[in-house]
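The next block holds one structure in the form of structure tokens; read it before the comments.
Order of the sequence lines sets the chain letters (A, B, ...), proteins ahead of strands, with each chain counted from 1.
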Amino acid sequence: MNPDHILSQLNQEQKIAITQMNCPVLVLAGAGSGKTRVIVYRIAYLISIGVNPWEIMAVTFTNKAAEEMKGRIESILQGNCIGMKISTFHSFCAGFLRKEIGLLDYNNSFSIYDETDSLSLVKECLKSLDLDKRSIYSPERILDEISNAKNSICDFRNVNDEVGFEDENIQKLYFLYQKKLRENNALDFDDLLVKTLEIIYRFPEVLERNKYKFIHIDEYQDTNRLQYFLVKAFAGNGENLFVVGDEDQSIYGWRGADIRNILQFEKDFPNAKVISLEQNYRSTKPILNVANLLIRNNSIYRGKKLWTQREGGEKVKFYNAIDEHDEALFVGEEIEELVRNKGYNYSDCAVLFRTRAQSRVIEEAFLEKGIPYKLIGAVGFYHRREIKDIICYLRLISNPYDFFALKRIINQPRRGIGSKTIEHLEKIHSQRPFPIDEFEKVAKDLKLQNEKSFMLDKVIDFSLLIKQIREKYTEFDLGKLVDYVLKKSGYLKSLKSVKTEESEARIENLNEFKSKAIEFSRENGNNLEEFLSRLSLINDVDNLSSEKGFVNLLTLHCAKGLEFANIFIVGLEEGLLPHWNNIYKLETLEEERRLCYVGITRAIDNLFLTSAKRRLIFGKTVIPRFSRFLLEIMSSDIENLTNVPYFNTDGFNAQGLECKVRGKEGKVKRGGKEFQPGRESVDVDFREEYKNLAEKVKDCVCFNVGDMVLHKYWNEGQIVSIKDDELFVAFPSQGLKRFEKSNAQHYLNKIERK
DNA sequence: AGCTAAAATGTTTTT
DNA sequence: CATTTTAGCT
């Protein structure tokens, strides 16, 4: 393929970007401006001018994006690109470590623990340190702290000295957690990055044999510190480093993504060329209008403006539903309309929500209406019991030190090995880790015969089973191996002996797993470790491209990088989007706004926004307010949201927005499946509503210590102290909560005392 | 030891 | 409301 032909398919800025050589390049690519396209064509261009594919590496954020990118490059070059490395940070590191981790005294058949595994491990640690998990030491928090600590390491030559906690219990937990991982010859997600860096820092020569000359990073705004260090390590001074990103789409701050990485690129890599792409090739004008109106409320905002040549386009539609069922029905009806009369396919539609819990109601409505849908990114399949079981068998076969996996399956199916025996076994393992297939020898060394209540024979039987499978597993292809394990272990037999629908389904699932294994070995060769890596690191976003004819239901986070003709964003309410947890701090609030922005900019032709007047949360009805994001979109003259009361009554201007509300509420009957709203479409004036809200706010602008206040969700509370711009309120149900003075009025209503 | 039933606890997003 | 954990029972 000749280079000129490749360049002819790009606009001026894109062309400039991809032809830069021997200098660091940052492409600031607005939503829909061809971000991925730029990387794809850059790589194709490099190969077309004679660069060797194996000198090229690209990192994307999801496995799906990586696959897609590979496919597109292959089709441009007609397959002439074997050897280029395109993967996520995590799977890149996993591959690196499979080769090199021996340097750190791990075995290269290490297991990768996913978040669920890590969480269980933390729970174990809590138990053995005798800490109450419902105190401040909740497993989730601990895991979070550990992850944060790993993300703030700077010197990877002495990783252990670098990780410190103020709380000594957490420090202990951390050490125990790491110790257990090591005993199991296992790594968690962060460790994949940390260990890679540790090797590079301690054994610089390793880098030489793992070098890539041309490095590309997609979604640079979402890289965390560890990933940033990886980029630095592999890219050196940045010569031929090519990163693409958009600070307005940074939505992974909570996972340690550091927006500074992109903001400071020019400092990190001197002589960098920065190229902005602002022409949007995706959305209609009204959609872009709304997107711009929203995002300009952020303080971290470079002020670029997306524009499009596309003329016309439907207005953005807003529906204020009665409750979440009504909302779901609205979405369903509109989709039916789009499919029936506008010539769209179901798969041209996507419903985006902030929290997974929101999907259920929508699913119910779709089921009732007979709208086919796919829930994207739900853990579903791989978290089913039988699937986890078979994975643990495979893990143990690959990595016989994995005691964690062992515990799950040693008595699955029943082998008469109870908790007492397992406890004992674990004690031995934690003193001197051993591979299960050599247990017989260990037992002899330790003279375990005398132990009471220890099912020695049965454990030996089990260890022999694993040993037997291990002796042959490299000969089998993965499909056969799955079969063999299920048969030898008696797992299948015990499932078959119970003749319930449930067990039938389990067997069915195991068959599906087998075909996945076969498929994998056909495409990637017969490598169990690779297969297991893939299983831990993959997420089900793959469901997306594979099947047509289904409406896609996904979280806003999942939607990053995707596009659909018709987008529905549901639940635009204070507390949901923006989410409660992120409302009180400017940085997190702005991230919520970016999240909303990401959602809006996924739309090609039609954008629908919905909210509900009442919603069931935690089994309780709440009456939410409009999301401030909605109001920002509607009142276009607010300069900076966080300093201005967000329901401004002046300058109301529903630009690009068409509002629909149900006419009469009286007619609505809620009850089982009878719910049939019968929608009416009218233009509505929101000003009345704003006025009411604004008056409420005016009433309670000044707070004093001792005032009683009412909070939407936490009910009654009392102001206990006010200092500087902070305000502390005690709620009987919640304890002490902090508010920013400038914001407090939006959440608290003063109660007059009699 | 292993199961069932009741109680508690938790939902933000994911590699 | 829904899932997970625990207690209490056989």
Side-chain angles (χ1 to χ4, degrees), chain A residues 59-66 87-94 112-120 123 126-127 132-135 138-141 143-144 147 150-151 187-193 218-219 222-224 226-227 230 250-257 324 352-361 364 376-379 382-383 411-412 414-423 453 455 533-541 554-561 571 575-583 588-589 591-592 594-596 598-599 615-622:
Chain A
V59 181
T60 62
F61 208 68
T62 65
N63 291 291
K64 184 192 145 284
S87 57
T88 64
F89 275 107
H90 291 266
S91 52
F92 174 81
C93 289
I112 300 170
Y113 284 6
D114 67 22
E115 187 137 356
T116 329
D117 299 326
S118 302
L119 205 61
S120 316
K123 283 180 190 162
L126 282 163
K127 214 172 251 171
D132 186 1
K133 66 171 187 240
R134 69 196 82 170
S135 67
S138 78
E140 290 79 13
R141 186 197 154 195
L143 208 55
D144 210 43
S147 179
K150 286 179 179 174
N151 263 291
L187 304 176
D188 68 11
F189 282 156
D190 292 319
D191 280 348
L192 289 172
L193 310 184
D218 198 7
E219 311 278 12
D222 281 324
T223 48
N224 64 26
L226 293 173
Q227 292 163 340
L230 279 167
S250 156
I251 53 173
Y252 283 91
W254 51 275
R255 224 178 66 196
E324 69 272 22
L352 314 185
F353 35 80
R354 177 66 239 262
T355 70
R356 290 231 103 91
Q358 288 169 262
S359 75
R360 183 186 307 265
V361 188
E364 280 167 14
I376 311 297
V379 271
Y382 293 103
H383 277 235
N411 203 30
Q412 200 66 251
R414 298 270 136 74
R415 298 189 174 89
I417 301 173
S419 57
K420 283 269 142 44
T421 304
I422 294 175
E423 260 169 48
S453 74
M455 302 292 168
S533 286
R534 181 72 73 91
L535 289 177
S536 317
L537 295 172
I538 210 154
N539 74 28
D540 293 26
V541 181
L554 57 165
T555 63
L556 285 158
H557 282 89
C558 275
K560 190 176 79 164
L576 217 46
L577 181 62
H579 194 274
W580 281 122
N581 298 359
N582 296 338
I583 259 172
T588 56
L589 177 65
E591 182 156 314
E592 294 284 309
R594 290 194 291 268
L595 192 56
C596 189
V598 166
R615 183 181 294 276
L616 214 57
I617 290 176
F618 276 132
K620 266 193 188 157
T621 301
V622 296

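Centre separation under 5.5 Å together with a plane angle under 30° holds for the ring of A:His579 and the six-membered base ring of B:dT12, marking them as stacked.
Between A:Thr555 and B:dT12 there is no side-chain polar atom (N or O) within less than 4.0 angstrom of OP1 or OP2. Using a 4.0 Å cut-off, no side-chain N or O of A:Arg255 falls inside it from OP1 or OP2 of B:dT12. Put simply, A:Lys123 has a side-chain N or O that comes within less than 4.0 Å of OP1 or OP2 on C:dT5.
Map A:Gln227 and A:Glu140 each onto its nearest nucleotide of DNA chain B; the residue landing nearer the 5' end is A:Glu140.
Side-chain to base pairing of A:Trp254 with B:dT13: one donor and one acceptor N or O lie within less than 3.5 Å of each other.
Between A:His557 atom NE2 and B:dT12 atom P there is a gap of 12 Å when expressed in whole angstrom units. Rounded to whole Å, atom C1' of B:dT13 lies 12 Å from atom CG of A:Asp144. In this structure, the CD1 atom of A:Ile112 is 20 Å from the P atom of B:dT14, given to the nearest Å. A:Arg141 has its CZ atom 16 Å from the P atom of B:dT12, to the nearest Å.
Salt bridge annotation for A:Lys560-A:Asp222: present, with a cationic side-chain nitrogen under 4.0 angstrom from a carboxylate oxygen.
Between A:His557 and A:Tyr252, the ring-plane angle classifies as perpendicular under the 30° and 60° cut-offs.
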request  = For DNA chain B, just give me the dot-bracket, please: Watson-Crick or G-U, both distances below 3.5 Å, ( ) intra-strand, [ ] crossing earlier pairs, | paired with another strand, . unpaired.
outcome  = ||||||||||.....
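Distance alone, capped at 3.5 Å, is enough to place a donor-acceptor pair between the A:Asn151 side chain and the A:Ser147 backbone.
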